[in-house]
S.K.: 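Below you will find the structure I want to go over with you.
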Amino acid sequence: MRNDTLFGKIIRREIPATIVYEDEEVLGFKDIAPQAPVHVLFIPKNELIPTLDDLQPAQAHLIGKLALAAAGYARREGFAQNGYRIVMNCREDAGQTVFHIHLHLLAGAPLGQFGAA
Ligand code: AMP
């Protein structure tokens with residue numbers, strides 16, 4: 001299935017992004033509207049999974065790959081020790097806007113607590 005989401009276009013280099021990580025399965029790029037000093041999105045490159053709720057058991061390893069890519073990036077960039085947050089929004093109440101699963105990595109300053117607005 002062709003991935004016509006915004007992130008599909010970034011994977012195919014049809015629209016620009018500041019790519020900071022890439023391997024066989026995962027792409028990492030800077031969020032265009034950062035919510036913290038460091039805000040990077042990690043996405044699976046080869047499978048179109050609209051939301052976490054669509055994830056199939058055979059695809060479960062991809063979530064681990066996203067998490068490992070984020071953790072590795074944090075270590076290399078030197079903020080793993082101070083800490084960071086990873087977030088995955090699922091559908092409307094969480095504010096999901098791009099329907100290709102992605103892990104947000106937020107870091108670089110103390111992050112406030114979060115919950116219902
Ligand atoms: P979500 O709200 O969880 O679906 O997250 C989507 C994220 O994509 C938001 O944080 C947006 O700021 C980010 N975003 C939207 N367009 C772009 C883009 N062209 N390049 C990088 N990040 C983007």
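Start at 1 and go down the list; that is how both ligands and their atoms are numbered. If you're wondering where the values come from, they're calculated on a predicted model, not measured in any experiment.
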S.K.: With sequence neighbours left out, what residues match Phe7 under ring pair (Phe, Tyr, Trp, His ring centres under 6.0 Å)?
M.R.: Phe29, His102
S.K.: Is there a donor-acceptor pair closer than 3.5 Å between any side-chain N or O of Gln59 and the backbone N or O of Ile49?
M.R.: no
S.K.: Surrounding CG of Asp93 (heavy atoms of other residues, nucleotides or ligands, distance under 6.0 Å), is the total greater than 12?
M.R.: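 For Asp93, atom CG is not crowded (no more than 12 foreign heavy atoms under 6.0 Å).
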S.K.: How does the hydrophobic cluster around Leu111 look, that is, which other residues are in it when side-chain heavy atoms under 4.5 Å mark a link?
M.R.: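 For the cluster that includes Leu111, the remaining residues are Val87, Leu106.
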S.K.: Below 4.5 Å, heavy atoms only, C-beta onward: do Leu105 and His39 meet side chain to side chain?
M.R.: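 No, too far: nothing below the 4.5 Å cut-off.
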S.K.: Can you run down the ring pair (Phe, Tyr, Trp, His ring centres under 6.0 Å) pairs that involve residues 40-81, sequence neighbours left out, and say none if there aren't any?
M.R.: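 As it turns out, there is no ring pair (Phe, Tyr, Trp, His ring centres under 6.0 Å) pair with a partner in residues 40-81 once direct neighbours are skipped.
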S.K.: Pairs under 3.5 angstrom, nitrogen or oxygen on both sides, ligand 1 versus protein: list them out, please.
M.R.:
unit_1	atom_1	unit_2	atom_2	d
ligand 1	2 (O)	Gly95	O	3.0
ligand 1	2 (O)	Thr97	OG1	3.3
ligand 1	3 (O)	Asn89	ND2	2.8
ligand 1	3 (O)	His102	NE2	2.8
ligand 1	3 (O)	His104	NE2	2.8
ligand 1	4 (O)	Thr97	N	2.7
ligand 1	4 (O)	Thr97	OG1	3.2
ligand 1	4 (O)	Val98	N	3.1
ligand 1	4 (O)	His102	NE2	3.0
ligand 1	5 (O)	His102	NE2	3.0
ligand 1	5 (O)	His104	NE2	3.3
ligand 1	10 (O)	Asp31	OD1	3.3
ligand 1	10 (O)	Asp31	OD2	2.5
ligand 1	12 (O)	Asp31	OD1	2.6
ligand 1	22 (N)	Ile32	N	3.2

